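Source: prediction; values computed, not measured. In what follows, chains are A, B, ... by sequence order, proteins preceding strands, each numbered from 1.
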Amino acid sequence: MSDGQARFLELSFGKERKLETPRKVQLAAELGLDAKQVAVWFQNRRARHKSKLMEEEFSRLRAAHDAAVLHNCHLETEVVGQWHHTKLDLCTHTTRPHNSDD
DNA sequence: TCTCTAATCCCAC
DNA sequence: GTGGGATTAGAGA
């Protein structure tokens with residue numbers, strides 16, 4: 001398949017993801033290709049486009065996941081810090097001064 | 001029966 | 001190894 005034919009198919013794919021049979025036959029005739037070749041090209045193009053989208057989606061989800069884990073870590077650190085302060089406050093407020101008589 | 005997807009094969013680079 | 005055309009198996013209308 002020539003570069004020109006591939007470019008034409010890419011343009012067609014940009015306009016329509018699937019081809020009706022008449023359109024497929026017409027496209028094949030315009031390009032001097034077998035209709036089967038055009039069908040296979042579109043099938044492969046759809047499959048590879050989908051896997052690319054999946055990879056991009058995976059990257060987005062992974063980034064969101066990493067950000068959520070980081071945020072969670074910060075929140076936990078904050079909570080633990082508050083817990084220490086609370087505990088300290090409880091200690092200082094509940095602890096009576098030592099009686100020297102004891 | 002036809003078309004599609006998903007998986008895979010095969011080959012040039 | 002990777003990209004891309006071709007084949008195959010199975011599902012759905």
Does a side-chain N-to-carboxylate-O contact under 4.0 Å join R60(A) and E57(A)? yes
Does dT3(B) have OP1 or OP2 sitting under 4.0 Å from an N or O in the side chain of T21(A)? yes
Would you kindly give the CZ-to-C1' distance between R17(A) and dC4(B), to the nearest whole Å? 16 Å
What string of B, S and - do you get for nucleotides 5-13 of chain B 5' to 3' if you count protein non-hydrogen atoms under 4.0 Å? BS-B-----
Figure out the CG/P separation between D34(A) and dA6(C), and round it to whole Å. 9 Å
Just to confirm, is there a sub-4.0 Å distance from OP1 or OP2 of dA6(C) to any side-chain nitrogen or oxygen of Q37(A)? yes
What I'd like to find out is whether the side chain of L9(A) reaches to under 4.5 Å of the side chain of M1(A), using heavy atoms alone. yes
Please state how far atom CG in L19(A) lies from atom P in dC4(B), giving the value in whole angstrom units. 8 Å
When the distance from NZ of K52(A) to P of dG3(C) is rounded to whole Å, what number comes out? 11 Å
In whole angstroms, the gap separating C1' of dG4(C) from CG of L9(A) amounts to 13 Å
Could you pull out the closest heavy-atom pair between S12(A) and L27(A), with the gap in Å? OG-CD1, 3.6 Å
What is the distance, to the nearest angstrom, from the CD atom on E20(A) to the P atom on dT3(B)? 10 Å
For Q5(A) and S2(A) the tightest heavy-atom approach is OE1-N, 2.9 Å
Rounded to the nearest Å, what distance is computed from the CD atom of residue Q5(A) to the C1' atom of nucleotide dG5(C)? 13 Å
Measure from NZ or CZ of R46(A) to the centre of the six-membered ring of F42(A), then state whether that distance is under 6.0 Å and the direction lies within 45° of the axis. no
Taking all atoms of both residues into account, what is the closest heavy-atom pair of K24(A) and A39(A), and its distance? CD-CB, 3.7 Å
